[in-house]
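Report on one structure; see the data block that follows.
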Amino acid sequence: KLKIVWDDDLPIKKGEKLERLSIVGERAYALSSRNFEISLDKDKGGTVFSKYAAPAGLPLGEPVLYRDELISALGSKLVETSERSGEELRATYIDFGIVCPAVRNSSFFYISGADRRLHVLREKDLVQLFEATADNDSMITSVMADEDSVIFGTDAGNVVCMSPDKARRLWQFDAAGAVVGRIVRDGMSLYFASKDMNVYRVDIVDRSVRRLVWKHQVEGVPEAPPRVTKKVVYQYVRSKGLTAIDKEKGQRLWNLAEGVELLAEAGGRAYVITNAGMLT
């Protein structure tokens with residue numbers, strides 16, 4: 001009983017290919033191999049805007065949505081654009097390489113630099129106010145922020161929570177291997193994959209306390225963060241497939257050896273794309 005809701009041809013020129021598809025807020029963003037970006041209405045289809053977002057060959061980070069503005073890193077430039085029109089609202093050159101998607105709250109931007117520092121910039125004028133680091137000076141590879149705290153992960157396996165307005169650590173959790181990709185927050189729970197071959201759930205008890213709820217060992221080293229749904233955590237491992245983990249207990253539910261990615265859940269079923277390009 002599957003049906004096509006919409007189907008759009010992307011205006012990508014001959015010789016280019018689809019490099020990345022991101023779902024951000026109410027939009028789908030397609031990026032070509034030459035940095036041509038197309039914004040599509042997620043529910044109805046149709047192009048909202050399209051443009052060359054960066055010169056070909058220049059790395060363009062995945063966009064992060066804050067209210068109605070998209071934040072993205074273009075090399076060492078921080079770019080803010082309108083979600084509605086794609087118009088560039090502000091662009092600021094940063095004097096360090098940007099490692100992962102920049103995030104913000106109402107007062108500050110938080111940017112991980114190649115210098116192994118988390119740079120905190122004032123929102124209104126992008127003046128840097130202070131820096132923060134992991135105690136072991138490891139690379140910060142994932143950042144999330146709200147009005148109450150900032151949480152970042154490192155390539156040494158640290159998950160650190162700090163105050164949003166000063167370099168003051170509130171708590172820290174240490175895994176045995178690097179945090180892979182972004183940390184996923186669901187309510188007061190954090191889910192992340194580690195190169196120690198485990199998927200973790202860590203709960204935030206209060207502003208200064210964290211608690212390990214479970215860790216689940218997978219059959220290889222993850223290269224991507226987990227997908228978290230209402231009841232299940234899905235983790236892909238190259239050559240081992242997609243594993244479904246019970247969200248509350250951390251127990252394995254099933255593994256699909258040819259599975260690559262979860263596409264959707266509906267009616268008690270998981271819809272998975274396989275390495276052969278089949279919807280299963």
Side-chain angles (χ1 to χ4, degrees), residues 6 8 10-12 16-94 96-114 118-121 123-124 126 140-147 150-153 179-186 192 223-228 261-263:
W6 57 264
D8 275 10
L10 298 175
I12 295 177
E16 294 184 62
K17 63 179 181 177
L18 180 63
E19 190 72 25
R20 187 175 72 209
L21 184 67
S22 306
I23 306 297
V24 183
E26 297 304 313
R27 304 281 186 260
Y29 296 91
L31 186 72
S32 83
S33 54
R34 294 183 60 82
N35 283 336
F36 188 69
E37 184 181 48
I38 307 103
S39 170
L40 302 161
D41 186 291
K42 184 179 70 173
D43 296 323
K44 300 177 182 178
T47 299
V48 178
F49 65 80
S50 61
K51 63 176 184 176
Y52 276 101
L58 194 64
L60 180 63
E62 285 203 64
V64 174
L65 183 66
Y66 180 79
R67 296 178 180 169
D68 59 353
E69 294 181 9
L70 292 167
I71 305 166
S72 55
L74 176 58
S76 292
K77 184 167 72 169
L78 184 69
V79 181
E80 298 166 78
T81 58
S82 167
E83 179 196 29
R84 299 171 183 170
S85 65
E87 175 189 3
E88 187 176 289
L89 304 174
R90 183 167 57 170
T92 306
Y93 283 95
I94 306 295
F96 51 83
I98 300 175
V99 173
C100 63
V103 297
R104 60 162 293 187
N105 55 25
S106 62
S107 302
F108 307 102
F109 279 84
Y110 304 90
I111 307 173
S112 172
L118 182 66
H119 299 261
V120 182
L121 282 58
E123 186 280 330
K124 65 179 180 180
L126 296 180
I140 296 170
T141 56
S142 172
V143 188
M144 66 174 69
D146 58 25
E147 302 301 325
V150 177
I151 297 172
F152 61 83
V179 175
V180 178
R182 68 187 185 96
I183 299 169
V184 181
R185 182 165 184 170
D186 184 78
F192 63 94
E223 298 175 3
R227 296 285 189 187
V228 180
E261 178 66 283
L262 173 75
L263 295 184

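Small disclaimer: the values here were computed from a predicted structure and weren't measured.
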Handout entry: Distance in Å, Y110 OH paired with I140 CD1, rounded so as to fall on 0.5 Å steps
Key = 13.0 Å

Fill in the blank from the handout: Note: D41 and D43 closest approach over all heavy atoms is OD1-N, 3.0 Å

Handout entry: Main-chain N/O of V24 paired with S22 side-chain donor or acceptor, under 3.5 Å
Key = no

Exercise for the section: Hey, could you give me the NZ/OG distance between K51 and S39, rounded to the nearest 0.5 Å? Expected result: 9.5 Å

Practice task
Evaluate whether atom CZ of R227 has more than 12 neighbouring non-hydrogen atoms of other residues, nucleotides or ligands under 6.0 angstrom away.
Solution key: no

Handout entry: Beyond-backbone contact of F192 with P225, side-chain heavy atoms, under 4.5 angstrom
Key = no

Problem - Separation of L74 CG from L58 CG (nearest 0.5 Å) - result: 4.5 Å

Practice task
Rounded to the nearest 0.5 Å, what's the gap from CD1 on I12 to CZ on R34? Could you check?
Solution key: 12.0 Å

Problem - Nearest atoms (heavy-atom pairs only) where V99 meets T141 - result: CG1-CA, 4.4 Å

Practice task
Locate the shortest heavy-atom distance separating E19 from S33; write the atom from each residue and the value.
Solution key: OE1-CB, 3.6 Å

Handout entry: Residue pair E69 / R90, side-chain heavy-atom distance below 4.5 Å
Key = no

Exercise for the section: State, with a plain yes or no, whether a side-chain heavy atom of V48 is found less than 4.5 Å away from one of R27. Expected result: yes

Handout entry: Student check: side-chain heavy atoms of L60 and L31 closer than 4.5 Å
Key = yes

Handout entry: Non-hydrogen side-chain atoms of L89 and T81 separated by less than 4.5 Å
Key = no

Fill in the blank from the handout: Between A28 and L21, the two heavy atoms sitting closest are CB-CD1, 4.4 Å

Problem - Between CG on residue L10 and CD on residue E16, distance to nearest 0.5 Å - result: 11.0 Å

Fill in the blank from the handout: Closest heavy-atom pair, K42 versus W6, reported as atoms and distance to 0.1 Å, is O-NE1, 3.1 Å

Fill in the blank from the handout: OH of Y29 to CD1 of I38, rounded to nearest 0.5 Å, is 12.5 Å

Fill in the blank from the handout: In terms of heavy-atom contacts, P63 and L70 come closest through CB-CD2, 4.0 Å

Practice task
Could you verify whether a donor N or O on one side chain and an acceptor N or O on the other, from N105 and Y66, lie under 3.5 Å apart?
Solution key: no

Practice task
Run the numbers on S142 and R182 for side-chain contact (heavy atoms from CB on, under 4.5 Å), then give the verdict.
Solution key: CA-CA 5 Å; S142 172; R182 68 187 185 96; 3.8 Å; yes

Practice task
State, with a plain yes or no, whether a side-chain heavy atom of I71 is found less than 4.5 Å away from one of F109.
Solution key: yes

Practice task
Return yes if a side-chain donor-acceptor contact under 3.5 Å exists between S72 and E62, otherwise no.
Solution key: no

Exercise for the section: Could you give me the CA-CA distance, side-chain angles and deciding distance for I111 and L118, then say whether side-chain contact (heavy atoms from CB on, under 4.5 Å) is met? Expected result: CA-CA 6 Å; I111 307 173; L118 182 66; 5.8 Å; no

Practice task
Determine yes or no for a side-chain-to-main-chain donor-acceptor pair under 3.5 angstrom, with N35 supplying the side chain and Y52 the backbone.
Solution key: no

Exercise for the section: State, yes or no, whether a side-chain contact exists between D68 and R84 at a heavy-atom distance under 4.5 Å. Expected result: yes

Handout entry: Validation row: V103, M144 side chains within 4.5 angstrom (heavy atoms)
Key = no

Exercise for the section: Go through the steps to decide whether E147 and S106 satisfy the test side chain to side chain donor-acceptor pair (under 3.5 Å), and finish with yes or no. Expected result: CA-CA 7 Å; E147 302 301 325; S106 62; 2.8 Å; yes

